[in-house]
Amino acid sequence: MKTSTAPVEYLFDSDVRRLLHPHLPASITDRVIMVEGKGCRLVDSNGRSYLDATGGLWLAQIGHGREEMAEVAAAQMRKLEYFTCFWDFSNDQAIQLAERLAALAPPQIEQVFFTSGGSEGNDAAIKTARFFHYVKGEPKRTWILSRRTAYHGLAYGGGTATGYDDLAEGQGPHLPHVTHLTPPHPYRSSLFVGQDPTDFLVNELEDRIREIGPDNIAAMIGEPIMGVGGMVVPPADYWPRVQQVLRRHGILLIADEVVTAFGRTGSWFASPDVGMEPDIIVTAKGLTSGYIPLGAVLVSDRIGNAVRGFGDGYPVGYTYSGHPVACAIALKNLEIIEHDGLLAAARRTGDFMYQLAAPLASELDIVGEVRHAGMGLAFELVTDSLTRQALPQPNGSIADVIREETGVIVRVSSPTNLVLSPPLVMTQEQAATAVTAVASVLRRARSDGGLA
Ligand code: PMP
């Protein structure tokens, strides 16, 4: 692989001067400037090679740098680079992708609205849920139920549903009528002690619905399996019982599958696997493997027919909704996921990775729990297995140390989890390299977070 031709010092200085990076303290002036990618490997502007064990941000399902994706993009750009999907305009790529998504999605899902990403999708989903009730003559149904440590993006709608106070600081007032419940994370919640977690969570849900008034609630939004929260797989009876309560009160269910859809957990969609039957599913990320920004909000006929059938029609729309190049790329990406058997690969390699990683929970006191679903793996880092307090990281993120020392890119999330979410094409050999790299650094971590 060749590297960038721009002078490296110029790139570094210019980045520090010009680019606003999400979640980067100003005191950190180091940068890793990626210039090339192939499969699971990346190369930075200094020519250093990395193993991508995060898929960027939970995506890159089909791996980096695939020639056929570039060809599809170029061909579509030559034919029709863009036209709008507002009003009665459409394009052949958006239509074909909507058909494909309706075929892949759970049976209750029939209609599609395109966005540019996950945050926009969650905004659209919240608007759609509220508008649905409005159209149905229940305009007071405006409340949205969410969970703490949920991640629904950082736009104002989905961002308010996101359950981290530090991400919301100083930007208020936020979207009104959003409330946060306890996440289904038994390891992390002392509230469950002596109680069945699902009993506790369902009781809390019922109480909250009673407080707000069921006729004031539009929807509950939730990730089937919490990604940013640390690959939190809920108890098997959690979603079925939550769904039962919501149905009883006419509250819609929005599944945020921005991370989980398109193979991350080994299925096209994770919601059926955890017993959810959502009215609305929000997707993005793996839909294009990141080759171009695109999201899709999938809805049932009940929702779609109601919101398109009122007044001047569906009141949500973005310039890039149904972008033909993005949709052509998504179609090719889905074809590759299917053709290359990447759902099965995600299950196989994910299980393999977990088998290697799981023993660290008994070997090391600072690894409280190892969790996984498909190609998503999290190490819950604690000071000790008794108090389960979050492991401090006094010398910067432990993920940065792993990257510097081993060239394997992992991330810290939520803020006590070390998370791996590699491309689904990762080989077992590469997965073993990634877990070995994580283990080599964790074995040196002390209970105060310092490294021996
Ligand atoms: N929902 C979930 C579950 C996510 O993990 C993310 C991003 N990590 C988003 C929504 C936001 O998506 P985007 O960054 O594309 O706006």
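Keep in mind it's a predicted model, so treat the numbers as computed, not measured. Counting from 1, the numbers follow the sequence of the chain as shown.
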Test ring pair (Phe, Tyr, Trp, His ring centres under 6.0 Å) applied to Phe114 - qualifying residues, sequence neighbours left out:
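Ring pair (Phe, Tyr, Trp, His ring centres under 6.0 Å) check on Phe114 returns nothing, list empty.
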| query | What residues form a ring pair (Phe, Tyr, Trp, His ring centres under 6.0 Å) with Phe131, not counting sequence neighbours? | reply |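 Partners of Phe131 by the ring pair (Phe, Tyr, Trp, His ring centres under 6.0 Å) criterion, ordered by chain and then number, come out as Phe310.
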Any idea how Phe192 and Phe200 line up, ring-wise: parallel (<30°), tilted (30 to 60°), or perpendicular (>60°)?
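Correct class here is perpendicular.
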Name the orientation class of the two ring planes belonging to Tyr156 and His174 (parallel below 30°, tilted from 30 to 60°, perpendicular beyond 60°). tilted
Of Ile225, Asp273, Val274, which is the lone residue that meets side chain to side chain contact (heavy atoms under 4.5 Å, CB included) with Thr260?
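Of Ile225, Asp273, Val274, side chain to side chain contact (heavy atoms under 4.5 Å, CB included) with Thr260 is met by Ile225 alone.
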- prompt: Got a salt bridge between Asp199 and Arg241, using NZ or NE/NH1/NH2 to carboxylate O under 4.0 Å?
  reply: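 Yes.
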Salt bridge Asp279-Arg302, side-chain N to carboxylate O under 4.0 Å
yes
Regarding [X] and [Y], is there a side-chain donor-to-acceptor distance under 3.5 Å anywhere?
{"X": "Thr416", "Y": "Glu380", "answer": "yes"}
{"X": "Thr128", "Y": "Tyr314", "answer": "yes"}
{"X": "Ser289", "Y": "Asn333", "answer": "yes"}
{"X": "Asp351", "Y": "Thr349", "answer": "no"}

Q | Contact check, side chains of Pro315 and Lys127, non-hydrogen atoms, under 4.5 Å | A | no
- Message: Measuring only between side-chain heavy atoms, which start at C-beta, is Gln111 closer than 4.5 Å to Asp301?
- Response: yes
Exercise. Is a donor on one side and an acceptor on the other found under 3.5 Å between the side chain of Arg130 and the backbone of Thr142?
Worked result: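 Confirmed, Arg130 side chain pairs with Thr142 backbone.
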Arg371 and Glu369: salt bridge (charged side-chain N to carboxylate O under 4.0 Å, His left out), yes or no, with the steps?
CA-CA 6 Å; Arg371 293 181 294 272; Glu369 195 173 53; 2.6 Å; yes
Of all heavy-atom pairs linking Ile217 and His133, the shortest is O-NE2, 4.3 Å
Review point. Who passes side-chain contact (heavy atoms from CB on, under 4.5 Å) against Leu51, sequence neighbours left out?
Key: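 If we apply the side-chain contact (heavy atoms from CB on, under 4.5 Å) test to Leu51, skipping adjacent residues, the hits are Cys40, Arg41, Val408, Met426, Gln430, Thr433, Ala434.
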Is it the case that atom CD in Glu99 sees more than 12 heavy atoms from other parts of the structure closer than 6.0 Å?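 Atom CD in Glu99 is not packed in, count stays at 12 or less.
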Just do the salt bridge (charged side-chain N to carboxylate O under 4.0 Å, His left out) check on Glu206 and Arg248 with the steps written out, would you? CA-CA 11 Å; Glu206 299 260 29; Arg248 187 153 31 85; 3.0 Å; yes
